[in-house]
Each structure stands twice: as C-alpha cells, then as structure tokens.
Amino acid sequence: MINGERTISRPLRWAMVGGGRTGQVGYKHRTGALRDGTYQLLAGAFDLDAARGRDFGVRLGVAADRCYATYEELIKGEAGRADGVEVVSVATPNFTHYEITKACLKAGLHVICEKPLFFTTAECDEIAALAKEKNLVVGVTYGFTGHPLVHQMAAMVKKSLLGDIRIVDLAYTHGFNAGDDTGAGEAVRWRTNPKTAGPTFVLGDIGTHLYYLSELVLPHLKLEKLLCDRKAFIPTRAPLEDHATVLMHYDNGARARLWVSSVDAGNMGSQRYRFVGSKASVAWSDSHPDQLVYEVQGEPGRILHHGMPYLEPESLAIDRMGALHTEGLGDSWSNIYLWIAEAIDAARRGDAAFLKTHHYPGIHAGTEGVRWLEACVRSADAGAAWVDFH
Ligand SMILES: NC(=O)c1ccc[n+]([C@@H]2O[C@H](COP(=O)([O-])OP(=O)(O)OC[C@H]3O[C@@H](n4cnc5c(N)ncnc54)[C@H](O)[C@@H]3O)[C@@H](O)[C@H]2O)c1
C-alpha cells in the first residue's frame with residue numbers, strides 16, 4: 001500500500017509548462033505530483049497569457065520571479081540558479097510537446113510530457129536518443145494506468161487466470177463534441193486542427209489511453225496488424241476524425257476491436273475495457289473504477305473490489321485508499337508521478353539495475369502510442385485497409 005512515505009532521497013525541484021488557469025489537465029498533474037512530497041512546484045510558464053500565468057502561479061505559491069512568460073525564459077532563468085528546477089512537466093497542446101521536450105532535455109532537465117507524445121515516431125526516436133545521451137528521464141502521463149485494478153488485470157493475465165487471451169474489447173467515447181464547433185473554445189479549436197493536434201483528433205486524444213492500457217495488461221502480446229476507419233461527423237473537423245473504429249490482430253491470434261468517439265451523444269461512460277481469455281474474462285471501466293468484473297466460464301460472475309486481500313500483490317502494493325473507500329483518477333495520477341520520480345531519482349544515482357526493472361510510462365510508452373496513431377492514419381488513408389503495425 002502506498003501511504004506517502006518517501007521512497008526517493010529528496011523532493012524533486014519541479015516546474016510546469018502549460019496547465020494554467022484555463023487548462024483542462026494542469027490540475028491533474030499537480031494532484032499527481034504534489035501528493036507524496038516527491039515534487040516541489042518551484043517555477044512555471046503556466047499560460048500563453050503571461051500576466052494570467054504569473055497571477056496563477058503566485059496563487060499556487062510559486063515565487064513571482066519564477067513565473068515565466070515562456071518556456072524558453074523558464075529554462076534560461078532556472079539554469080542560472082543554484083536551486084533551479086530539475087524536472088519539467090509539459091501540459092500544453094500537442095504541437096508544442098516536441099520542441100519544449102527537446103529544449104528541456106538539451107538544458108539537462110527531465111521531462112514529464114502529455115500524450116500524444118509527439119507527431120511522428122521519428123521525433124520520438126530522436127528524443128529517446130537525446131534523453132539516453134543525457135541520462136534523463138521522459139515520462140508520459142496516461143492518466144488511469146496507475147490504478148490498482150488496472151494492475152490487477154495485468155497480474156491476472158500474467159498468472160494465466162484468464163487462459164489464453166482471445167478477445168480484447170476497448171472503448172473510450174463521450175458526446176462533448178456532438179454539436180458543431182460554432183463558438184468552441186480554444187481546447188476544441190486546437191484539437192480539431194491538424195497543425196496543432198497532429199495527424200489525429202480522437203485517436204490521439206483518447207485512443208492512445210486505450211492502447212497504452214491494453215499494452216500494460218497484455219505485455220506478452222505483440223500487435224501485428226490493424227484496420228482503422230475514421231470519420232468526421234462534423235465536416236469542419238476533416239481531415240481529422242471525431243469518431244473511429246479500429247480492428248487489431250495480435251501475434252497469438254487474438255482479435256481486438258476498439259472505438260473512440262467524441263460524438264457519442266449522451267454517453268458519459270468514458271473508458272471501458274474487457275479482456276477475454278479461453279477460461280475467463282475481466283472487465284473494468286473508469287465509471288466504476290473500484291470494481292473489476294471477473295467472469296469464469298460456467299461459474300457465477302464476481303465483482304472484485306480494490307484494496308481487498310484477495311487481490312494480487314501487484315494491485316495491493318499500489319493501492320492508496322484501502323478497501324471501502326473510493327480510489328480514482330487522482331490516486332492513479334499520484335502513482336504515475338511517483339513512479340516517474342523514482343525513475344528520475346535512480347537516473348540521478350546512476351542505478352541502472354533499478355531502472356531496468358522499474359515500471360513507469362516512459363519514452364517507449366509514448367513512442368508506441370505515436371506508432372499506433374501512424375498505423376491508424378496509414379490504414380484510414382488507404383480506405384480502411386489492413387496495414388502491418390511495424
Ligand atoms: N493525460 C490525460 O488524461 C489528459 C487529459 C487532458 C488533456 N491531455 C493532454 O494535455 C495537453 C493539454 O491539454 P488541455 O486539455 O489541458 O489543453 P487546454 O487547451 O485546456 O490548455 C492548454 C494550456 O496550455 C497553455 N499553453 C499553451 N501553449 C503554451 C506555451 N507555449 N507555453 C506555456 N503555456 C502554454 C494554455 O494557456 C493553457 O493553460 C494535450 O496534449 C492533451 O492531449 C491529457
């Protein structure tokens with residue numbers, strides 16, 4: 001169980017780029033990072049509007065002279081200080097991730113970046129090489145993948161409780177963009193423009209969460225090929241999609257279907273996962289994150305509850321609230337931030353053995369998400385043709 005006891009030698013000096021007052025995801029980063037005392041928020045370039053960003057930062061408790069107008073000023077200003085920050089979170093629109101991450105790494109700073117990581121796998125490979133050369137960590141924030149019941153599913157698959165995996169059923173849908181974009185705010189405008197969102201809208205925005213979580217639960221399966229059909233129900237969003245269906249084949253013969261949509265009017269179900277093996281299945285949704293449905297063929301179905309002693313040790317080890325009390329998104333983000341802090345601490349100590357076995361969503365996880373998006377676009381552009389994943 002995680003209870004806030006320090007697992008790294010000292011708190012990390014931390015800054016944020018983006019995630020300001022109007023940003024949707026910024027508070028999730030702070031919820032994750034500031035929970036266990038592993039990070040201290042000491043600086044930021046929180047907002048494109050410099051004055052609003054400074055006011056916001058000061059209200060978070062950051063010194064006014066360390067609330068910078070731009071990320072370039074942040075890097076320069078912090079480099080000149082003995083107590084300068086050592087890790088930066090990037091919570092800005094997709095098109096800025098690559099340039100900000102690269103600049104931070106070049107300045108010797110670890111990076112925690114939002115998904116989808118970058119636009120291309122070529123950019124990911126370049127950044128991976130730079131991080132390796134500089135002995136720096138790049139973490140990626142796939143929000144719900146720190147949840148104990150996600151890791152329970154992974155442990156059950158590893159222990160063969162489901163048998164051989166046959167069917168994977170993944171969905172992340174909502175209806176927030178069911179109407180047209182007249183009068184839409186900045187967060188919708190940049191998401192629906194290829195220059196700022198990249199080659200996809202919902203596939204990158206929410207589909208990458210599904211794909212990474214499925215990789216986490218099924219690390220032994222390799223994706224061989226996929227077929228993607230994507231559509232903009234609101235035509236002004238084309239060539240990007242507000243709805244997509246993906247079929248996938250794995251190397252063991254398993255089949256997956258995945259759909260993502262932001263025009264699923266009325267649906268607040270969000271993320272749904274079901275993994276079916278030859279003996280049993282597990283299903284989990286973030287609408288009821290405390291519960292895992294475990295169904296063994298020929299037996300009555302069971303609902304497993306987080307934090308209960310009958311769960312696998314991998315799940316219990318990362319539970320925070322204990323059974324009876326709800327465990328949710330904020331707790332999951334805290335685990336992700338903690339794991340990344342432990343990786344940064346190990347990199348600083350030069351502890352290669354720890355890093356070899358330590359789990360955290362890093363550059364590889366980000367890269368595979370981008371590789372999956374590239375394959376989806378390749379398939380959709382060829383008229384929903386089957387394409388090889390690699
Ligand atoms: N991991 C998750 O669960 C999750 C959830 C939501 C969003 N995201 C990702 O987070 C990123 C941001 O999304 P959002 O919904 O918060 O966007 P948003 O439009 O709501 O907010 C973006 C924020 O970044 C600031 N900003 C933009 N450019 C900047 C720059 N160059 N320097 C400093 N600040 C800048 C804006 O002022 C704003 O505060 C995206 O990549 C998105 O895909 C991830």
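Numbers for residues simply follow the sequence, beginning at 1. All ligand and atom numbering here is 1-based and tracks the order in the structure. This is a predicted model, so every value here is computed, not measured.
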Check your understanding: What residues join Phe176 in its hydrophobic cluster, counting side-chain heavy atom gaps under 4.5 Å, either direct or through other members?
Key -> Met268

Check your understanding: Asp181: what forms a side-chain contact (heavy atoms from CB on, under 4.5 Å) with it, not counting sequence neighbours?
Key -> Ala184, Val188, Thr192, Thr236, Arg237

Exercise for review: Show the numbers, then the answer: is there a salt bridge (charged side-chain N to carboxylate O under 4.0 Å, His left out) between Lys102 and Glu126?
Suggested key: CA-CA 9 Å; Lys102 188 170 172 178; Glu126 182 199 334; 2.8 Å; yes

For ligand 1, list all ligand N or O to protein N or O distances below 3.5 Å, rounded to 0.1 Å.
| from | atom 1 | to | atom 2 | distance (Å) |
| --- | --- | --- | --- | --- |
| ligand 1 | 1 (N) | Glu114 | OE1 | 3.0 |
| ligand 1 | 1 (N) | Glu114 | OE2 | 3.4 |
| ligand 1 | 1 (N) | Thr141 | O | 2.9 |
| ligand 1 | 15 (O) | Arg191 | NH1 | 3.2 |
| ligand 1 | 15 (O) | Arg191 | NH2 | 2.8 |
| ligand 1 | 16 (O) | Gln24 | N | 3.1 |
| ligand 1 | 16 (O) | Val25 | N | 3.0 |
| ligand 1 | 19 (O) | Trp190 | NE1 | 2.9 |
| ligand 1 | 20 (O) | Gln24 | N | 3.0 |
| ligand 1 | 37 (O) | Asp47 | OD1 | 3.0 |
| ligand 1 | 37 (O) | Leu48 | N | 3.1 |
| ligand 1 | 39 (O) | Gly20 | N | 3.2 |
| ligand 1 | 41 (O) | Thr92 | O | 3.2 |
| ligand 1 | 41 (O) | Asn94 | OD1 | 2.7 |
| ligand 1 | 41 (O) | His97 | NE2 | 3.0 |
| ligand 1 | 41 (O) | Lys115 | O | 3.3 |
| ligand 1 | 43 (O) | Asn94 | OD1 | 3.4 |
| ligand 1 | 43 (O) | Lys115 | O | 2.9 |
| ligand 1 | 43 (O) | Lys115 | NZ | 3.2 |

Review point. Thr22 and Glu186: side-chain donor and acceptor closer than 3.5 Å?
Key: no

Review point. Quick one: which of Tyr212, Trp284, Trp333, Tyr273 gives a ring-ring contact (aromatic ring centres under 6.0 Å, His included) with Phe144?
Key: Trp284

Point to revise | Residue pairs, two or more places apart or on separate chains, that pass side chain to side chain donor-acceptor pair (under 3.5 Å) and touch residues 215-229 | key: none

